[in-house]
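Taking it in order: structure first as structure tokens, then the write-up.
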Amino acid sequence: MTHTTDLPGHPRPGAIGGPATARATCVLAPNPSAMTLDGTNTWILAEPGSDLAVVVDPGPADEAHLRRVVEVAEAGGLRVALTLLTHGHADHSGGAARFAELTGTKVRALDPALRLGGEGLGVGDVVTTGGLELHVMSTPGHTADSLCFHLPADDAVLTGDTVLGRGTTIVAHPDGRLGDYLDSLRRLRALAVDEGVRTVLPGHGPVLDDAQGVVEYYLAHRAKRLAQVETAVENGHRTAEEVVAAVYADVDRALWPAAELSVRAQLDYLDEHGLI
């Protein structure tokens, strides 16, 4: 029997959703799939004693879910005052415009196309709402516009799709780039080592209680896959489809189209570094 403490990042057991830290509560969207795991985690953040909340990733364009997020906030005596996006994939941002209507909030994101009603988000920005403090981290790689949010008061980081609560994420080529992604993982490792961040609040899957452990697992996994792709090319597999069939033979074929994106990003990386 495998215990959660034996898995990368020490995922919390039990159902996903509900309070996760003193300042973070998860509302799970009803959009489970092979790519979204149990569904999208929408995060409600608030400083204890405050009546204002920040929502990160309102999720897909699902009216019932968006209203449920508002209901959960209001049940806790909170008014949603701001909406933030970790990145632009529709399972995280598709409901943002409607959520802004429901709450009367601005939507802040790195990508100007996703912003509503005001300023965006940039590297080093600090979001302060109702006493809550969130530090914006640039973490491209999964997508070019991927951000993480450091919640220092809880020694936590919200990672969107950069780090998942279960399994590993894709590098969504061509928008996502492997070199950027590896740099982002190293930045998150430094956050864990230097800033004492322990808790990962992911965009999908359970909360993780070993931030450093999961990031190191991700880095090791990426190094292993990159070596496998390099070997596959040396063995004569030239196209991304051929490499996927050789390297991901043990992976559910339903996930091969997603794996192909990561393989294309790895092939680009190897080519850029003169390794193939």
Side-chain angles (χ1 to χ4, degrees), residues 14-21 23-47 50-121 127-130 132 134 136 142-143 145-149 151 156-162 164-166 169 172 200-207:
I16 295 171
T21 69
R23 293 164 180 78
T25 295
C26 175
V27 183
L28 180 64
N31 61 331
S33 73
M35 292 298 294
T36 60
L37 305 181
D38 309 87
T40 301
N41 295 336
T42 294
W43 291 101
I44 301 173
L45 309 177
E47 189 68 16
S50 174
D51 62 352
L52 299 179
V54 175
V55 166
V56 176
D57 289 350
D62 182 297
E63 184 75 10
H65 170 67
L66 300 176
R67 290 185 177 275
R68 175 64 178 155
V69 174
V70 175
E71 291 168 2
V72 171
E74 291 179 345
L78 299 168
R79 176 178 66 83
V80 179
L82 180 64
T83 302
L84 305 178
L85 299 177
T86 61
H87 65 296
H89 281 166
D91 56 314
H92 294 257
S93 68
R98 175 57 179 153
F99 190 71
E101 292 178 354
L102 291 172
T103 59
T105 60
K106 297 177 181 179
V107 177
R108 297 183 64 184
L110 181 62
D111 185 347
L114 299 171
R115 303 171 190 168
L116 291 173
E119 61 187 316
L121 291 170
V127 176
T128 55
T129 300
L132 184 79
L134 278 176
V136 180
H142 170 68
T143 60
D145 70 330
S146 287
L147 299 172
C148 290
F149 300 108
L151 182 56
V157 60
L158 291 90
T159 55
D161 282 357
T162 298
L164 305 180
R166 185 171 66 250
T169 196
V200 173
L201 306 175
H204 303 279
V207 172

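Since this is a predicted model, take the numbers as computed values, not measurements. For this chain, numbers begin at 1 and follow the sequence in order. Note: hydrogens, waters and symmetry copies are ignored here, and every other heavy atom, side chains too, is used.
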Between the main-chain N or O of T83 and the side-chain N or O of R108, is there a donor-acceptor pair closer than 3.5 Å? no
With E101, which residues qualify under salt bridge (charged side-chain N to carboxylate O under 4.0 Å, His left out), at least two apart? R98
Check: V107 and L114 side chains under 4.5 Å, non-hydrogen atoms: no
Give me the atom names and distance for the closest heavy-atom approach of L151 to T21. CD2-OG1, 4.4 Å
For N31, which of T36, D91, T40 qualifies under side-chain hydrogen bond (donor to acceptor under 3.5 Å, both in side chains)? T40
Taking S93 for its side chain and G88 for its backbone only, find out whether a donor-acceptor pair lies under 3.5 Å. yes
Which heavy atom of A156 sits nearest to which heavy atom of L201, and what is that distance? CB-CD1, 4.2 Å
Given side chains that start at C-beta, do those of L84 and L134 come closer than 4.5 Å, heavy atoms only? yes
Keeping the roles fixed (side chain from W43, backbone from P202), state whether a donor-acceptor pair exists under 3.5 Å. yes
F149 and V157, any side-chain heavy atoms less than 4.5 Å apart: no
Interatomic spacing from CG in L66 to OG1 in T42 - rounded to 0.5 Å: 7.5 Å
What closest approach, in Å, do A53 and I44 show between heavy atoms, and which atom pair accounts for it? CB-CG2, 4.0 Å
Tell me whether R23 contacts the main-chain N or O of L45 through its side chain, where contact means a donor paired with an acceptor under 3.5 Å. no
Work out which heavy atom in L121 is nearest to a heavy atom in L85; give both atom names and the distance. CD1-O, 4.4 Å
What residue pairs, at least two apart or across chains, pass side chain to side chain donor-acceptor pair (under 3.5 Å) with a residue in residues 67-81? E63-R67
Apply side chain to side chain contact (heavy atoms under 4.5 Å, CB included) to T86 and V56, showing your working. CA-CA 7 Å; T86 61; V56 176; 3.8 Å; yes
Residue pairs fulfilling ring pair (Phe, Tyr, Trp, His ring centres under 6.0 Å) with at least one residue in residues 65-88, sequence neighbours excluded: H87-H89, H87-H92, H87-H142
Passes side chain to side chain contact (heavy atoms under 4.5 Å, CB included), F99 versus V80? Steps please. CA-CA 10 Å; F99 190 71; V80 179; 3.9 Å; yes
Taking all atoms of both residues into account, what is the closest heavy-atom pair of T159 and C148, and its distance? CA-SG, 3.6 Å
Report yes or no: does T105 contribute a side-chain atom to a donor-acceptor pair with the main-chain N or O of A100 at less than 3.5 Å? no
Among D38, D161, N41, the one residue meeting side-chain hydrogen bond (donor to acceptor under 3.5 Å, both in side chains) with H204: D161
Quick one: does any side-chain atom of S50 pair with a main-chain N or O of A46 as donor and acceptor, under 3.5 Å? no
What is the minimum heavy-atom distance between I16 and P206, and which atoms define it? CD1-N, 3.6 Å
